[in-house]
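Worksheet: the structure to be examined is printed underneath.
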Amino acid sequence: MDFLIDNSVQLATLLVAMCALWVTYIAIAAQHKPHILVYYCVNPNKQMFVDLVVENVGKGVAFDIKFSKPLPVRLYGIEKLTCKEISTMFEDGVPYLGSAQKLVADGGQFGGINQYLEEGFKFTVTYKYNNPFSMARTIKQEIELSVSHLDKMPTRYSGDQAIVDALKGNSGTTLHKIEESLRSIESSIKLHSSE
């Protein structure tokens with residue numbers, strides 16, 4: 001008992017140092033750990049389209065990302081799709097995703113996706129990362145895809161897409177009307193200069 005009393009300061013210091021070391025390791029480990037999310041979101045540029053997103057929201061790099069099932073994409077329409085009509089992606093997985101990196105694919109439209117997912121679409125994603133000691137670790141996650149959260153979301157037509165469509169001449173926007181007016185003025189000038 002005298003030993004504990006005599007060395008209580010040293011033992012407390014050792015305990016605090018060990019706790020600090022453990023907290024430091026946890027903080028450093030968190031900087032190396034990736035976290036993969038797979039989800040549907042509304043396309044910001046095309047009205048009524050839904051994107052399928054595979055994103056690394058963690059701080060570390062994920063390697064050798066594998067999905068237990070290929071992910072369904074391009075699910076359009078409101079009628080029940082047959083297996084032959086369904087396109088898939090990432091059959092061979094993804095080699096790596098850095099921190100905050102994401103891959104965006106054309107998911108389809110809400111009706112087609114909702115019809116396909118009505119029975120649920122559960123799968124497993126497995127990926128590797130290196131811990132602070134450069135030892136490879138594997139993470140396995142269960143994911144269920146859903147579009148129910150997008151049910152009442154309004155669709156928007158972005159300004160960027162409107163400008164692109166206007167420059168292509170696909171819409172009757174102000175830019176398209178200005179272009180038509182300029183062409184009319186140009187042909188009128190050419191007509192008067194040739195006389």
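FYI, side chains are in, hydrogens and waters are out, and symmetry mates aren't considered; it's all heavy atoms of this structure.
- Taking Ile, Leu, Val, Met, Phe, Trp and Tyr as members and joining any whose side-chain heavy atoms lie under 4.5 Å apart, directly or through other members, the hydrophobic cluster of Y96 also contains V61, F63.
- With sequence neighbours excluded, no residue forms a side chain to side chain donor-acceptor pair (under 3.5 Å) with S99.
- Of the possible polar contacts, one joining the N56 side chain to the G98 backbone as a donor-acceptor pair under 3.5 Å is found.
- D51 meets the side chain to side chain donor-acceptor pair (under 3.5 Å) test with N43; sequence neighbours excluded.
- Qualifying side-chain contact (heavy atoms from CB on, under 4.5 Å) partners for S187, counting only residues two or more places apart in sequence or in other chains: none.
- Separating the CG atom in L97 from the CD1 atom in I36 is a distance of 5.0 Å, to the nearest 0.5 Å.
- In the hydrophobic clustering, where aliphatic and aromatic side chains (Ile, Leu, Val, Met, Phe, Trp, Tyr) are joined below 4.5 Å either directly or transitively, I189 groups with I185.
- Remark: D92 CG to I65 CD1 distance equals 13.5 Å, nearest 0.5 Å.
- Judged as a salt bridge (Lys or Arg N to Asp or Glu O under 4.0 Å), the pairs with a partner in residues 122-134 (not counting sequence neighbours) are, in order, D64-K128.
- The shortest side-chain heavy-atom distance between L117 and L145 falls under the 4.5 Å cut-off.
- Every side-chain contact (heavy atoms from CB on, under 4.5 Å) that K69 has, sequence neighbours left out, goes to F121, F123.
- Under the 4.5 angstrom side-chain criterion for Ile, Leu, Val, Met, Phe, Trp and Tyr, the cluster partners of M18 are L14.
- Shown here are the side chain to side chain donor-acceptor pair (under 3.5 Å) partners of Q101, two or more places apart in sequence or in another chain: there are none.
- The distance from the NE2 atom of H35 to the OH atom of Y129 is 12.5 Å, given to the nearest 0.5 Å.
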Check step by step if side-chain contact (heavy atoms from CB on, under 4.5 Å) holds for F90 and K66.
CA-CA 8 Å; F90 307 123; K66 301 286 185 197; over 6 Å; no
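- Minimum heavy-atom separation, P34 to G60: CB-O, 3.4 Å.
- Interatomic distance, OH of Y40 versus CG of L52, reported as 5.0 Å (0.5 Å rounding).
- The hydrophobic cluster around L37 extends to Y39, V53, V57, V104, counting ILVMFWY residues whose side-chain heavy atoms fall within less than 4.5 Å of a member.
- Two rings, from F110 and Y76, have their centers 6.0 Å or more apart.
- Interatomic distance, CD1 of I143 versus OG of S146, reported as 13.0 Å (0.5 Å rounding).
- Looking at residues two or more places apart in sequence or on another chain, you find a side chain to side chain donor-acceptor pair (under 3.5 Å) between T124 and E142.
- By the side-chain contact (heavy atoms from CB on, under 4.5 Å) test, T88 pairs with P70, I86, E91, sequence neighbours left out.
- No side-chain heavy atom of M89 sits less than 4.5 Å from a side-chain heavy atom of V54.
- To the nearest 0.5 Å, atom SG of residue C41 and atom CD of residue E55 are 9.0 Å apart.
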